[in-house]
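Notes follow once the structure below has been shown.
A, B, ... follow the sequence lines: proteins, then strands. Residue 1 opens every chain.
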Amino acid sequence: MNGIHDMGGMDGFGAVVPEAGEPVFHAEWEKRMFAIAAAVPFALPFADDHLRREIERIPPVVYLGSSYYELWYHAIMALLAERNAFSPAGPQGANPPLQADAVDAAILAGATTRMAAPHAVARFQPGDAVVTRNINPHDHTRLPRYARGRHGAILRNHGTFSFADSNARGDGPSPQHLYAVRFTAQELWGPDASRRDDLVLDLWDAYLEPAS
Amino acid sequence: MAQPDDDIALRVQALEQALVAKGLVDPAALAAFVDAYENRIGPKNGARVVARAWTDPAYKARLLENGAAAIGELGYGGLQGENLVVVENTADTHNLIVCTLCSCYPWPVLGLPPVWYKSPAYRARAVKEPRAVLKEFGLDLPAEMQVRVWDSSAEIRYMVLPRRPAETQHLDERELAAMVTRDGMIGTATI
């Protein structure tokens, strides 16, 4: 989705300004919002792909005017509505809520998106020249605008992972190979960029085509 | 008159009450998540990892080979660090971490990200003009050093292994860990 979230390379946002003191949370509601987003998926399973999809659907003016945890609020509300969480009949198929004494173990266990994919073929090897596809899906994608139709080289193969585009659409994880792809700064930003600098972006197999 | 902050505070409170009423969250579990990320999971974890890598070459090799497994040796891992890759600063290359599409960040070693890391300014500019951003952080890198930006917008989380400062041979692992800053592990500072 060509949304406001896809910010790489935009101008006009001014300087990067660290705040004084840098508290982890700024108010009680930020703590509770963070924890709600962390806890709800144990009762009503959703993936980061779904949360990100909903964050990206927030209208641009609202997105830019909202703090980080306000975006989470809007996205969680959308996911809960999608699952009829607050209808009189309640959500269907919910698990029991995560208990306090299980939180540390749940954090440590994590929720990896690495998945076995015995039929997925690694089309590329480290060093291979690739070009990213020029795609403009209306749905969630991890191929940012600044890196579409660009030439790069495979740096490493991370293994097979749930494919975010497919999973966010509701079409299942469809795991495939995820590669670290290296682009020169000049390929991405033109001749004014440094000749030495480069950028690495993790991209799924479906985003890439061979380049000669 | 209600201020915007009061409004969102009330809305989150109402959301929590509704979720508790529906049996979807336990308030004590929410408090446990907050406690973990406010008091235990933060950049001190990453600093310990860095200091270990600086003092134990075999550990450093394992860390660069499989970051997630190596931080697991120190008891760290899990959410937003399941697939951690550690990238090493060298005399020739300086690494910088950003997430342009979201605000992905290696929670087990750095905790929750600071506000500036999540800001449009950082997400927009770190990929296009990393040297200008680094200058605003007080880091003016020589033109002959390569800057490599890692846009961690997919499934891998990254942490920078900073260079060990000169003349620290007399320091032990604990003293070295105390020198390591969060920004040094994002790449917006050197140590």
Turns out that what part of A:Leu155 lies under 4.5 Å from chain B's heavy atoms comes down to side chain
Okay, B:Pro108 and chain A: the region with an atom under 4.5 Å from a heavy atom over there is neither
Whatever's closer than 4.5 Å to a heavy atom in chain A on B:Tyr158 counts as side chain
Interface check, chain B: of A:Arg196, A:Glu19, A:Glu28, most non-hydrogen pairs under 4.5 Å belong to A:Arg196
Looking at side-chain heavy atoms only, is the closest gap between A:Ile107 and B:Tyr37 below 4.5 Å?
yes
Salt bridge (charged side-chain N to carboxylate O under 4.0 Å, His left out) with A:Asp197: of B:Arg131, B:Lys128, B:Arg148, only one passes, and it is B:Arg131
Ranked by heavy-atom pairs below 4.5 Å to chain B, first place among A:Ile36, A:Val24, A:Leu64, A:Ile4 goes to A:Ile36
Q.
I'd like to know whether CD of B:Glu167 has more than 12 heavy-atom contacts from other residues, nucleotides or ligands below 6.0 angstrom.
A. no
Of the listed A:Ala185, A:Ala85, A:Ala180, A:Ala94, the one with the largest count of heavy-atom pairs under 4.5 Å with chain B is A:Ala85
Legend entry - Heavy-atom side-chain contact between A:Val16 and B:Arg125 under 4.5 Å: yes
Of the listed B:Val147, B:Val12, B:Thr100, the one with the largest count of heavy-atom pairs under 4.5 Å with chain A is B:Val147
All heavy atoms of B:Val34 vs all of A:Phe25, minimum pair found to be CG1-CE1, 4.2 Å
Quick one: do the B:Ser152 and A:Asp202 side chains pair a donor with an acceptor below 3.5 Å?
no
Worksheet item: Any side-chain heavy atom of B:Trp150 within less than 4.5 Å of one from A:Leu199?
Response: no
So, the part of B:Glu144 with a heavy atom under 4.5 Å from chain A: the answer is both
| request: Flag yes if more than 12 heavy atoms outside B:Lys118 fall under 6.0 Å of its NZ atom; otherwise flag no. | output: yes
Given A:Asp11, A:Ile55, A:Leu188, A:Leu143, the one with more heavy-atom pairs under 4.5 angstrom with chain B than any other is A:Asp11
If one checks every heavy atom of A:Ala109 against chain B at 4.5 Å, the contacting part turns out to be backbone
Discussion item. So does A:Ala111 get a backbone contact from the side chain of B:Glu82, meaning a donor-acceptor N/O pair under 3.5 Å?
Written reply: yes
Can you tell whether the side chains of A:Lys31 and B:Glu38 come within less than 4.0 Å, N to carboxylate O?
yes
So, the part of A:Leu203 with a heavy atom under 4.5 Å from chain B: the answer is neither
Within the structure provided, determine whether A:Phe13 and B:Ser119 are in side-chain contact (heavy-atom separation under 4.5 Å). no
So, the part of B:Val133 with a heavy atom under 4.5 Å from chain A: the answer is side chain
Residue from B:Val115, B:Val20, B:Leu15 scoring the most non-hydrogen pairs under 4.5 Å with chain A is B:Leu15
Turns out that what part of A:Thr184 lies under 4.5 Å from chain B's heavy atoms comes down to neither
Next on the checklist: For a 4.5 angstrom cut-off between non-hydrogen side-chain atoms, does A:Val200 reach B:Val149?
Outcome noted: no
Nearest heavy-atom contact between B:Phe33 and A:Phe34 is O-CE2, 4.1 Å
If one checks every heavy atom of A:Ala15 against chain B at 4.5 Å, the contacting part turns out to be both
So, the part of A:Ala193 with a heavy atom under 4.5 Å from chain B: the answer is neither
Closest non-hydrogen atoms of A:His5 and B:Arg123, given as atom of the first, atom of the second and distance, are O-NH2, 3.0 Å
Go through B:Val25 and A:Phe42 one step at a time and tell me if the side chain to side chain contact (heavy atoms under 4.5 Å, CB included) criterion holds. CA-CA 9 Å; B:Val25 301; A:Phe42 292 93; over 6 Å; no
Between A:Glu22 and B:Pro114, the two heavy atoms sitting closest are OE2-CB, 3.7 Å
The interface call for A:His140 against chain B, heavy-atom contacts under 4.5 Å, is neither
* To do: Apply side chain to side chain contact (heavy atoms under 4.5 Å, CB included) to the pair A:Thr112 and B:Asn83, showing each step before the final yes or no.
  => CA-CA 7 Å; A:Thr112 187; B:Asn83 299 286; 2.8 Å; yes
Tell me if the CD atom of B:Glu175 is crowded by more than 12 foreign heavy atoms within 6.0 Å. yes
Between the CZ atom in A:Arg142 and the CG atom in B:Asp151, the distance rounded to the nearest 0.5 Å is 11.0 Å
Bottom line for A:Tyr63: the part with an atom under 4.5 Å from chain B's heavy atoms is side chain
For A:Pro91 and B:Lys22, the nearest pair of non-hydrogen atoms, with its separation, is CD-CD, 4.3 Å
So, the part of B:Glu155 with a heavy atom under 4.5 Å from chain A: the answer is both
Most heavy-atom pairs under 4.5 Å with chain A, out of B:Ala31, B:Ser153, B:Ala32, belong to B:Ser153
Cut-off 4.5 Å, heavy atoms of chain A, and the answer for B:Ala18 is both
Scanning both residues in full, the closest heavy-atom pair of B:Gly23 with A:Pro97 reads O-CD, 3.2 Å
Whatever's closer than 4.5 Å to a heavy atom in chain B on A:Phe183 counts as neither
Answer key: most heavy-atom pairs under 4.5 Å with chain A among B:Leu19, B:Asp26, B:Ile156, B:Ile41 is B:Ile156
From the list A:Phe161, A:Tyr73, A:Tyr69, the residue making the most non-hydrogen contacts under 4.5 Å with chain B is A:Tyr73
Honestly, the part of A:Arg156 sitting under 4.5 Å from a heavy atom of chain B is side chain
Turns out that what part of B:Leu112 lies under 4.5 Å from chain A's heavy atoms comes down to side chain
*Would you say A:Arg32 and B:Pro27 make side-chain contact, with heavy atoms under 4.5 Å?*
yes
Honestly, the part of B:Ala21 sitting under 4.5 Å from a heavy atom of chain A is neither
Turns out that what part of B:Leu96 lies under 4.5 Å from chain A's heavy atoms comes down to neither
Bottom line for A:Arg195: the part with an atom under 4.5 Å from chain B's heavy atoms is neither
key: Derivation of the side chain to side chain contact (heavy atoms under 4.5 Å, CB included) call for A:Val17 and B:Trp116   = CA-CA 6 Å; A:Val17 185; B:Trp116 62 258; over 6 Å; no
query: Quick check: are there more than 12 heavy atoms from other residues, nucleotides or ligands sitting under 6.0 Å from CZ of B:Arg40?
result: yes
Applying a strict 4.5 Å limit to non-hydrogen atoms, the region of B:Val87 in contact with chain A is neither
Margin query: What I want to check is whether the side chains of B:Glu129 and A:Trp189 have a donor and an acceptor closer together than 3.5 Å.
Written below: no
